[in-house]
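Data block below; observations after.
Each ligand, and each atom within it, is numbered from 1 in the order the structure gives. Here the structure is a predicted model, which means the values were calculated and not measured.
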Amino acid sequence: MRKLDLQPLRKGYWQKYNSSLSPNIANNFASASFRFAHSIIPGLMKLLAGRNATPEFVQMRKMLFNPFELYQKGRLDETLRGAMGTSIQASDPYFTDELKSHMFEDSVERMKQPKLCGLDLVSLNIQRGRDHGLPGYVFWREYCGFKRLADFEDLRQFMNEDVLVNIKAIYRQVEDIDLYTGALSEVPLEGSILGPTLTCLISDQFVRLKYGDRFWYETDQHPVAFSTEQLRQIRKTSLANIICDNADNLDVIQPKVMEKLGKGNKYVNCSEIERPNLSAWKDDLNHVKLFDDKTNVRVLNLVVG
Ligand code: HEM
């Protein structure tokens with residue numbers, strides 16, 4: 001993130017907009033690479049009634065297409081508390097059965113349709129890559145600048161034995177391996193949850209989304225640029241403040257929501273979390289000159305009256 005300058009700035013404008021880069025979403029990103037996150041989803045959703053309460057767990061199949069649960073008193077806050085206190089699963093080629101065998105199973109029943117078996121998200125992902133015409137894993141490794149793979153033995157350097165056994169049992173040749181299967185089977189890089197191919201393809205997308213975006217919020221290009229004061233206020237926004245402001249009655253939160261509670265990330269009161277002050281966006285009608293200052297006021301009165 002730091003090397004590619006993907007971190008938000010703490011102050012000032014970001015001046016690396018590049019009009020020759022396309023911020024479009026790449027086919028590989030939507031049909032395979034960014035779906036890696038399906039592997040880190042836990043099968044049970046945690047609900048926490050209070051910070052010291054005993055957690056309750058609900059199978060994911062019961063929650064998909066079921067927002068009605070959240071309408072019950074206290075349920076929204078229990079869900080948010082539970083989600084903030086849940087760690088991700090390992091990013092690997094293994095998935096919860098809730099997504100592999102039971103996806104949307106209960107929602108069909110709720111719609112009073114005859115009971116069907118659930119869907120398999122992993123098969124859908126692999127199939128989606130194929131019907132979008134994605135070349136195989138071997139192609140994408142080369143695309144990322146890695147050495148061309150000649151056979152299954154070449155996979156040993158970056159895949160574990162158990163994974164390799166499965167891959168060899170399913171695919172006839174190394175060129176047949178789907179991008180989704182191959183990329184998720186790589187051992188993650190040190191300090192990361194992604195292997196080399198996913199790191200390459202996902203960072204390519206994020207670089208283009210930022211560098212190729214003429215409206216990037218930190219741009220200094222007029223007329224789209226925010227004022228320095230507006231930017232200062234935007235930088236006070238955090239996921240913690242958004243959750244506090246939108247929950248029903250959440251009293252405390254960890255400031256770094258996506259990180260575990262602990263030293264350096266202890267509960268603080270929602271009222272103590274910094275928030276942006278929106279007065280930096282207040283219009284000063286005296287500056288909107290239609291003819292002169294006097295007529296401006298009269299025109300507005302006419303419209304209102
Ligand atoms: C409970 C959580 C989730 C469920 C049940 C879910 C389910 C799905 C389903 C059913 C599809 C369409 C599959 C197809 O027919 O091609 C899909 C697509 C996708 N998912 Fe997920 N997903 C979840 C979470 C996530 C997360 C956390 C990420 C990434 C951070 C993600 C990334 C994607 C992407 C990039 C697509 C393709 C979107 C597109 O091209 O329009 N999903 N997901």
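Proximity of atom 41 (O) of ligand 1 to the protein is not indicated, since no non-hydrogen protein atom lies closer than 4.0 angstrom.
Taking both residues in full, the closest heavy atoms of G212 and P23 are given as O-CG, 3.4 Å, listed atom of the first, atom of the second, then distance. Listed here is the closest heavy atom pair of E229 and A280: CG-CB, 4.0 Å.
Here the protein heavy atom with the shortest distance to atom 8 (C) of ligand 1 is L121 CD1, 3.7 Å. Nearest protein heavy-atom neighbour of atom 15 (O) of ligand 1: R128 NH2, 2.6 Å. The shortest contact between atom 6 (C) of ligand 1 and any protein heavy atom is with H38 NE2, 3.7 Å. Protein heavy atom nearest atom 1 (C) of ligand 1, with residue, atom name and distance: M60 SD, 3.6 Å. Distance from atom 13 (C) of ligand 1 to its nearest protein heavy atom, with residue and atom name: R35 NH1, 3.4 Å. Shortest contact from atom 2 (C) of ligand 1 to any protein heavy atom: I41 CD1, 3.3 Å. The protein heavy atom nearest to atom 32 (C) of ligand 1 is F34 O, 3.6 Å.
In A37, the part holding a heavy atom less than 4.0 Å from any atom of ligand 1 is the side chain.
Ring-plane geometry between F65 and F104 is classed as tilted, the angle between the planes lying from 30 to 60 degrees on a 0 to 90 degree scale.
Applying the 6.0 Å contact sphere to NZ of K168 captures more than 12 heavy atoms from other residues, nucleotides or ligands.
In this structure, F36 has its ring center closer than 6.0 angstrom to the ring center of F34.
To the nearest 0.5 Å, the span separating CD on E274 from CD on Q233 amounts to 8.5 Å. Interatomic distance, CG of L134 versus CH2 of W140, reported as 6.0 Å (0.5 Å rounding).
In this structure, R141 forms a cation-pi arrangement with F158, its terminal cationic atom sitting closer than 6.0 Å to the ring centre and no more than 45° off the ring axis.
Within the 4.0 Å heavy-atom cutoff, M103 counts among the residues contacting ligand 1. The closest approach between a heavy atom of L99 and any atom of ligand 1 is below 4.0 Å.
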